[in-house]
Protein chains: 2
Amino acid sequence: MEEDRLRLGVHTACLVCPLRSNPAYRDFSPEELEFTRHFRSGELHAGAGSAIFHEGNQNAHLYTALSGWGFRYKTLSDGRRQILNYILPGDMIGLQGAIFEEMNHSVEALTEMRLCVFERKPLYSLFEKHPGLGYDLTWIAAQEESILDEHLLSVGQRTAIERAAYLLAFLHHRGRASGVLTSERTLMPLTQAHVADTLGLSIVHTNKTLRKLALSGALRWLDRGCEVLDPDALQRLAKWTPNDQRRRPFL
Amino acid sequence: MEEDRLRLGVHTACLVCPLRSNPAYRDFSPEELEFTRHFRSGELHAGAGSAIFHEGNQNAHLYTALSGWGFRYKTLSDGRRQILNYILPGDMIGLQGAIFEEMNHSVEALTEMRLCVFERKPLYSLFEKHPGLGYDLTWIAAQEESILDEHLLSVGQRTAIERAAYLLAFLHHRGRASGVLTSERTLMPLTQAHVADTLGLSIVHTNKTLRKLALSGALRWLDRGCEVLDPDALQRLAKWTPNDQRRRPFL
DNA sequence: CGGATTCTTGAGGTACCTCAAGTGCGGTGG
DNA sequence: CCACCGCACTTGAGGTACCTCAAGAATCCG
């Protein structure tokens with residue numbers, strides 16, 4: 001089973017959290033750090049392609065991605081799948097599940113991932129003891145909402161070419177901001193099937209659309225992923241500009 | 001100007017808030033009620049069709065709808081419009097704007113609306129002084145996210161008929177839960193242009209699709225709105241079931 | 001080396017789109 | 001009171017951006 005590929009790691013301190021070194025994130029007070037350390041219950045490794053949790057699950061945990069790529073999706077009863085958003089380092093997974101009873105979407109790892117695991121029970125005490133962290137959670141939820149707004153605009157109104165350009169510009173932007181993409185590591189680990197299910201297009205048409213974009217020189221499609229060569233061109237095509245967030249919170 | 005139709009009302013107490021009588025909402029402690037009263041800065045009346053705020057605005061306020069219908073939308077530079085979600089009594093408007101600098105969507109009134117106005121500045125002190133209310137805000141943001149997930153699934157994967165069925169079942173459900181729809185008041189005040197811009201379809205095709213639904217007896221289209229006759233049939237068509245939330249928070 | 005997965009391409013079909021015209025209603029003003 | 005205008009809704013005809021089906025090439029993995 002896929003579960004085999006999930007494996008619980010050792011309990012290491014938040015002090016050495018690999019995300020903290022990224023200047024994109026806001027600093028914690030010592031008290032907040034201490035609280036987070038208690039709230040945290042371990043680390044999880046998920047293999048590429050493994051399910052982290054499934055729609056309908058009642059999961060006792062809450063995660064923050066430490067490394068790797070993943071995605072959230074929903075399916076209809078006959079199997080049609082819509083990818084809702086991608087998970088990158090620093091992103092929180094399972095907030096909906098922590099607040100409502102059930103998860104109403106699924107999450108799958110795209111590459112190998114390392115996740116920081118939190119108990120969902122003490123969530124309320126986080127609001128009581130550390131209003132700053134509570135505020136951050138609202139910030140995170142509002143941010144996700146804002147991204148979904150843009151995706152909905154994309155799927156509802158943009159043409160196939162515009163949608164593809166938007167998605168790749170968006171992922172490139174987020175990849176750079178989160179640190180998974182650098183000038184050396186430029187590969188975004190998607191298959192064309194993922195792109196298709198994100199854009200609401202068939203695989204065939206997605207392929208033809210990506211081909212056009214590659215022909216224009218804006219990107220290169222490699223074996224199992226792609227490389228953005230000209231993010232500005234993609235943004236112009238999609239009529240989209242990222243809104244930069246300096247010092248975003250996390251956890 | 002549209003602004004003419006916006007008018008500030010008198011400052012009345014939260015104690016008589018028309019929403020509190022609805023058992024769907026959770027009760028406040030006396031302290032929370034007292035705080036809310038201070039946080040609140042007035043009441044706003046918006047005429048049907050008026051803009052409540054616009055993408056890019058830096059709005060100092062935060063609203064909760066008290067009565068009427070409205071909607072959130074985004075547009076592309078060439079005018080294509082995507083309706084993201086509808087605003088019903090009890091819904092919060094402008095949380096994104098309160099947390100980030102700018103609003104990245106617009107809001108328009110569908111019918112005449114009454115809105116409760118809050119200052120956005122003391123938002124942080126809300127988290128400090130009333131963790132329960134802070135938790136509620138996260139609840140609200142997570143709830144909106146969950147709705148957007150479903151909309152995205154709809155626009156990305158469902159066929160025209162399924163999308164229309166989903167939207168009307170969804171609105172009917174929310175209308176009943178919020179109290180704007182009763183067994184006497186059953187009219188949902190939309191035009192087919194709104195439905196089209198929500199579903200990502202043209203007006204013409206939307207019309208043909210709604211006609212089919214009406215023919216099947218699931219709904220009736222009236223002059224400037226529609227009436228759901230058979231919500232279960234719509235849900236079945238859309239392969240969707242609402243997830244009931246008893247005792248939701250607000251403000 | 002064989003099988004599975006991903007990507008590619010062509011051919012034909014269809015679910016949507018645009019354009020265009022016409023109906024019916026409600027409001028406004030002469 | 002009627003004439004007019006504007007908006008919402010309707011319907012038909014023709015176009016196109018997607019889709020499905022099908023088959024082949026390239027790559028990865030055991």
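Each chain gets a letter, A, B and so on, in the order its sequence line appears, and its residues count up from 1. Predicted model only: the values in this text are computed from it and were never measured.
- Checked against D/dC18, C/dC16, D/dG12, the side chain of B/Val204 finds its nearest nucleotide in D/dG12.
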As a quick check of understanding, evaluate side chain to side chain contact (heavy atoms under 4.5 Å, CB included) for A/His105 and A/Tyr73, giving each step before the final call. CA-CA 6 Å; A/His105 61 258; A/Tyr73 67 97; over 6 Å; no

Take B/Ser154 and B/Arg158 through the test side-chain hydrogen bond (donor to acceptor under 3.5 Å, both in side chains) and record every step on the way to the result. CA-CA 5 Å; B/Ser154 200; B/Arg158 285 192 244 250; 3.2 Å; yes

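- Side chain of A/His205, nearest nucleotide from D/dC19, D/dC28, D/dC9: D/dC19.
- Remark: P of D/dC19 and CD of B/Gln157 are 10 Å apart, rounded to the nearest angstrom.
- Among D/dA13, D/dC9, C/dC7, the nucleotide with an atom closest to any side-chain atom of A/Trp221 is C/dC7.
- Across the protein-nucleic acid pair, A/Lys208 atom NZ and C/dG10 atom C1' stand 7 Å apart, rounded to whole Å.
- Regarding A/Leu215, its CG atom lies at a distance of 16 Å from the C1' atom of C/dC7, rounded to whole Å.
- Distance CZ (B/Arg224) to C1' (D/dC9): 10 Å, rounded to an integer number of Å.
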Please evaluate residues B/Phe170 and B/His151 with respect to the criterion ring pair (Phe, Tyr, Trp, His ring centres under 6.0 Å), reporting the C-alpha separation (whole Å), side-chain torsions for both, the decisive distance (0.1 Å), and the verdict. CA-CA 10 Å; B/Phe170 166 77; B/His151 287 194; 4.9 Å; yes

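- Figure legend: B/Arg72 and B/Tyr86 shown without cation-pi pairing, the cationic atom not lying both under 6.0 angstrom from the six-membered ring centre and within 45 degrees of its axis.
- Put simply, CD1 on A/Ile203 is 8 Å from P on C/dC7, counting in whole angstrom units.
- Going from atom CG of B/Asn207 over to atom P of C/dG22 covers 17 Å, rounded to whole Å.
- One can place CG of A/Leu210 at 13 Å from C1' of C/dT6, the figure rounded to the nearest angstrom.
- In the set C/dT18, D/dT10, D/dT20, the nucleotide with an atom closest to the side chain of B/Gln192 is D/dT10.
- Here the side chain of A/Asp223 is nearest to one of C/dT18, D/dT27, C/dG10, namely D/dT27.
- If you check every strand for non-hydrogen atoms under 4.0 Å, A/Ser202 touches a base.
- Computed from coordinates, the A/Asp197 CG to C/dC7 C1' distance equals 16 Å when rounded to whole Å.
- Side chain of A/Arg211, nearest nucleotide from C/dT9, D/dA13, C/dC16: C/dT9.
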B/His194 and B/Phe71: ring pair (Phe, Tyr, Trp, His ring centres under 6.0 Å), yes or no, with the steps? CA-CA 9 Å; B/His194 291 119; B/Phe71 62 94; 5.1 Å; yes

